[in-house]
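Report on one structure; see the data block that follows.
Indexing begins at 1, ligand by ligand and atom by atom, following the structure's order. Residue numbers count from 1 along this sequence.
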Amino acid sequence: MSVAEPCDTASDSITIRRPDDWHLHLRDGAILKAVLPYTAAQFARAVIMPNLAPPVTTAAAAAAYRDRILAARPPGSDFQPLMTCYLTDATAADDIEKGRAEGIWIAAKLYPAGATTNAHHGVTDIAGLAPVLERMEKIGMPLLVHGEATDPAVDVFDRESVFLERSLLPLLARHPGLKVVVEHITTAEAADLVRAHAPRVAATITPHHLMINRTALFQGGLRPHLYCLPVAKRERHRLALRKAATSGDGCFFIGTDSAPHVRGAKESACGCAGVFVGATALQSYAQVFDEEGALDRFEAFASLNGARFYGLPPNGGTVVLERRAGKPGAAVAIGDEEVVIFRGDETLPWSIGGGRS
Ligand code: NCD
Ligand code: ZN
């Protein structure tokens with residue numbers, strides 16, 4: 001049931017409570033300044049990923065990063081960054097609890113060492129993290145998981161499902177009260193696992209994993225701007241993700257995984273993983289919900305489920321999405337570099353309209 005105004009699904013617009021992005025990379029410096037206005041125009045709050053170089057492993061570093069984000073907001077913006085702690089083999093349970101008690105971070109992020117961009121300081125021994133996870137369980141602090149196996153012998157398209165079997169299921173069994181978000185799920189198996197363990201387990205789903213499958217990565221040639229981790233999977237998985245996202249189930253919510261890299265770092269002999277979707281996220285999600293005949297469930301996915309999982313109130317104010325063709329623009333300039341926008345050079349059928357705050 002909607003707690004905002006009822007939305008008229010037959011009409012050409014939908015009004016929802018202001019949504020949140022529960023998984024976002026903002027980077028720092030010039031990139032932060034360039035990309036933050038896009039997210040701030042779409043979302044009231046976002047969970048900020050800590051994989052800077054060096055990573056955000058201390059409460060002091062997280063507080064300083066939060067201040068840089070707040071300072072980079074466009075004039076008049078009330079966007080709120082929700083900070084996270086990057087877990088390493090050396091993380092201490094007391095430091096986690098202290099940073100949470102001081103209101104500096106709301107969750108901790110588990111990157112298996114080497115799994116993705118700036119994950120080389122991540123955790124090599126998940127079982128060794130038990131004291132930290134026990135403490136998080138005790139204080140009700142969510143663990144956010146990048147769910148990919150790092151064993152180089154595992155096929156890249158199997159890394160998520162292998163991680164679920166080898167690492168996540170044992171972790172959930174060891175910590176039966178721990179709240180866990182499986183971030184940016186890409187497989188039917190992940191959606192099933194999350195449903196089976198809800199409500200203490202939840203998942204974020206990106207716009208791009210709802211829109212592209214692995215074939216799109218090679219459509220007419222190599223498409224580096226569609227490459228991210230976990231990599232897009234087969235069509236049957238994309239369809240399963242669309243079903244999960246549009247189901248209205250409380251365990252699925254927005255996490256854009258917007259992850260800007262400059263064009264040169266993407267169009268390279270060894271291109272970086274990450275899709276910049278911050279400028280076109282809501283338009284893309286709305287299109288998916290429309291195509292699935294589920295606009296009446298969009299508000300739950302966008303604005304209610306995540307807040308409920310994190311124990312936060314839903315946002316005040318509304319945003320309007322309109323069935324109106326729009327061209328977002330191909331790229332964001334950053335000095336003499338640029339970041340390519342996911343679907344930015346396309347004509348999108350949904351646009352963001354006015355809203356009230
Ligand atoms: C992210 C990044 O670039 O920071 N890249 C990505 O492909 N999603 C890291 C991550 O979330 O895996
Ligand atoms: Zn991410």
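- Checking Thr204 against Glu183 by side-chain atom types alone, a donor-acceptor pair falls below 3.5 Å.
- Every atom of ligand 1 is numbered from 1 in the order shown, and the set under 4.0 Å from a heavy atom of Leu229 is 6 (C), 7 (O), 8 (N), 12 (O).
- Aromatic ring orientation, Tyr86 versus His121: perpendicular (interplanar angle above 60°, classes split at 30° and 60°).
- Contact of the Pro142 side chain with the Leu144 side chain is registered, since non-hydrogen atoms from C-beta on lie closer than 4.5 Å.
- By the criterion of a heavy-atom distance under 4.0 Å, the side chain of Asn51, and not its backbone, is placed next to ligand 1.
- In this structure, Glu148 falls outside the shell of residues with a heavy atom less than 4.0 angstrom from ligand 1.
- Of all protein N/O/S atoms, those under 2.8 Å from the Zn ion (ligand 2) are His23 NE2, His25 NE2, Asp257 OD1, and waters are not counted.
- Remark: Arg242 engages Glu291 in a salt bridge, criterion side-chain N to carboxylate O under 4.0 Å.
- With a 4.0 Å heavy-atom cut-off, ligand 1 is reached by the backbone of Ala273 and by its side chain too.
- With a heavy-atom cut-off of 4.0 Å, Glu183 does not touch ligand 1 at all.
- Remark: the Glu189 side chain and the Ser161 side chain contain no N/O donor-acceptor pair separated by less than 3.5 Å.
- For His208, no heavy-atom contact with ligand 1 is shorter than 4.0 Å.
- With sequence neighbours left out, the salt bridge (charged side-chain N to carboxylate O under 4.0 Å, His left out) criterion links Arg135 to Asp94, Glu97.
- Residues passing the ring pair (Phe, Tyr, Trp, His ring centres under 6.0 Å) test with His184 are His23, His146, sequence neighbours excluded.
- Geometrically, ligand 1 and Tyr111 share no nitrogen or oxygen pair separated by less than 3.5 Å.
- Gln283 and Gln287 share no side-chain donor-acceptor pair at under 3.5 Å.
- Nearest protein heavy-atom contact of atom 12 (O) of ligand 1 is Thr116 OG1, 2.7 Å.
- Among Thr187, Val181, Val182, the one residue that satisfies the side-chain contact (heavy atoms from CB on, under 4.5 Å) test with Ile185 is Val182.
- By the 4.0 Å heavy-atom criterion, Met49 is excluded from the residues contacting ligand 1.
- Ser284 is linked by a side-chain hydrogen bond (donor to acceptor under 3.5 Å, both in side chains) to Arg343, counting only residues two or more places apart in sequence or in another chain.
- Protein heavy atom closest to atom 8 (N) of ligand 1, with residue, atom name and distance, is Asp257 OD2, 2.7 Å.
- If you number the atoms of ligand 1 from 1 as listed, the ones under 4.0 Å from a heavy atom of Cys228 come out as 7 (O).
- The ligand atoms of ligand 1 that sit less than 4.0 angstrom from a heavy atom of His23 are 11 (O).
- Proximity to His184 (heavy-atom distance under 4.0 Å) selects the following atoms of ligand 1: 11 (O).
- For Trp22 and Phe309, the distance between ring centers is not under 6.0 angstrom.
- Between Lys98 and Glu102 there is a salt bridge, since at least one side-chain N of the basic residue sits less than 4.0 Å from a carboxylate O of the acidic one.
- Annotation for ligand 1: atoms under 4.0 Å from non-hydrogen atoms of His146 are 12 (O).
- Contact record, Thr246 with Val288: CG2-CG1, 4.5 Å, taken as the closest heavy-atom pair.
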